[in-house]
Amino acid sequence: MLEHNELKGLPGLGPAPPTLDCMDVKQGIRRNFARRARSYDRHAEMQRRMAHGLVAAVGESLARAGRILEIGCGTGYLTHLLRQANGEARLVALDLDAALVAAARRRLGPEAGVSWLVADGETPLRGEYDLIIANATFQWFTRPGETLAAYYRSLAPGGVLAFSTLGPQTFRELAEALNRAARSLNLPTTPPIPAQGFGDRETWSDRLYRAGFRQARLTREMATASFPSVKEFLKALQATGATNPRPCPFSPRLLTALIEAYQTNYARDGAIPVSYDMIWAVAEKS
Ligand SMILES: C[S@@+](CC[C@H](N)C(=O)[O-])C[C@H]1O[C@@H](n2cnc3c(N)ncnc32)[C@H](O)[C@@H]1O
C-alpha cells in the first residue's frame, strides 16, 4: 500500500480549495515539476509521443521559422527536436523553473545556441516570433484566454502558434475510481483531479478564435498506457510532476478504497489502463 506521506501532491487528491489563488497555483505547478526534474524523463513516454505528434503537425512552418519561442521547455525533449528540425532559427526556450531549464541546457549543450529563460510563459513577452510552440504545457495555464491573445500579438504576420495539451478525459479511470471510493466511504465531497478541469478540444478552439486566430487545426487522440498496478501508476504520475498544484491531506482509508476501486473495475490481464486525452493545435496569424 502507498504510505500516506507518499501521497502528497498526487493528482488532485484532496478537497477542492475554497478559493483559487492563481499565484499559489503557479507556485505549486513550478514546485511539482522542479522536484521531478531528475525523474521526469524516465516516466514521460506520453509527453514524448505528444512532442513527436506536435512536430509532425507543425510541418513546414518549423523549418521555415527564423524566430522560435518554446514555452514550458521542461527538460528539453521538444527543444532538442526543434533544434534538429531547424538548426538556423533563433531559438528561445523558457520554463517556470530554473532546475528544469538547467536540465534542458545540459541536454542540448552550449553548441545548440539556444537562449534559455526562467520565466512564466503567461507574463508579457518581448519580441516577435514566427513560431510559438509548447508541448504538454498549456493545460497548466491559469489565464489561457489572455495568454493566447498575448501570443497572437507576439507573432509576426503569417506566424504560427502550435501546442499539444491534455484534455479532461486524461486519467478518467482514476477520476471514476476516486468517485467510487469516496461514495463507498460516504465522504461528503469527491477529491478533485486537476485533469478534469483541463480544456477540451472545443474549449481550446474557442479560446484560439477569441484570441484572434481565424485559421486553426485541432486534432485529438485518446491513448491508453498500461501499468502493472495502481500504485506503480501513481508513483509514475508523481515522478513526472503532473500532480495537484495544491496538495491536500489524503487519508490512507481513501487511498486503499481508490486502489481497490481502480483494480476491481479496470484491471485486465494483470495490468491497469490509464487514459490520455491528447490534443494538438496549430493556428496561424493571418
Ligand atoms: C508536462 S511538462 C512538459 C515539459 C516539456 N515541454 C516536454 O514536453 O517534456 C510541463 C512543463 O511546463 C512548465 N510550465 C507550466 N506552466 C508554465 C508557465 N506558465 N510558464 C512556463 N512554463 C510552464 C512546467 O514547469 C513543466 O516543465
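Atoms within each ligand, like the ligands themselves, are counted from 1 in listed order. Values in this document were obtained by computation on a predicted structure and should not be read as measured data.
- If you number the atoms of ligand 1 from 1 as listed, the ones under 4.0 Å from a heavy atom of G72 come out as 4 (C), 5 (C), 6 (N), 11 (C), 12 (O), 13 (C), 22 (N).
- Below 4.0 Å from some heavy atom of L100 lie the following atoms of ligand 1, by number and element: 25 (O), 27 (O).
- Residue contacts with ligand 1 for K26 involve side-chain atoms from C-beta outward but no N, CA, C or O (heavy atoms, distance under 4.0 Å).
- At a 4.0 Å heavy-atom cut-off, ligand 1 does not touch A134 at all.
- Counting the atoms of ligand 1 from 1 in the order shown, those under 4.0 Å from a heavy atom of G121 are 18 (C), 19 (N), 20 (N), 21 (C).
- In this structure, C73 counts as a contact residue of ligand 1, since one of its heavy atoms falls inside 4.0 Å of the ligand.
- Of all atoms in ligand 1, listed by their number and element, those nearer than 4.0 Å to a heavy atom of N135 are 3 (C), 5 (C), 6 (N), 7 (C), 8 (O).
- Distance alone, capped at 3.5 Å, is enough to place a donor-acceptor pair between the N135 side chain and the Q47 backbone.
- Under the 30°/60° scheme for interplanar angles, the aromatic rings of H52 and Y77 are found to stand perpendicular.
- Between the side chain of R217 and the main chain of A283, no donor-acceptor pair closer than 3.5 Å is present.
- Residue contact check: L94 has heavy atoms under 4.0 Å from atoms 21 (C) of ligand 1.
- For the pair R207 and W204, the cation-pi criterion (under 6.0 Å, within 45° of the ring axis) is fulfilled.
- Close approach of ligand 1 to D120 is summarised as follows: ligand atoms under 4.0 Å from at least one heavy atom of the residue are 18 (C), 19 (N), 20 (N).
- In L78, neither the side chain nor the backbone holds a heavy atom less than 4.0 Å from any atom of ligand 1.
- Each of the atoms 1 (C), 2 (S), 3 (C), 10 (C) of ligand 1 lies under 4.0 Å from some heavy atom of A136.
- Ligand 1 has D95 within reach: a non-hydrogen atom of the residue lies less than 4.0 Å from it.
- Both L161 and L94 are members of a single hydrophobic cluster when ILVMFWY side chains are connected at heavy-atom separations under 4.5 Å.
- For the pair E45 and R49, the salt-bridge criterion is not met [side-chain N within less than 4.0 Å of a carboxylate O].
- The distance from ligand 1 to the heavy atoms of A119 drops below 4.0 Å at these ligand atoms: 20 (N), 21 (C).
- Between W140 and F198, a ring centre-to-centre spacing shorter than 6.0 Å is recorded.
- Ring planes of Y262 and F233: perpendicular class, angle over 60° (limits at 30 and 60°).
- Residues satisfying the salt bridge (Lys or Arg N to Asp or Glu O under 4.0 Å) criterion with R30, sequence neighbours excluded, are D97.
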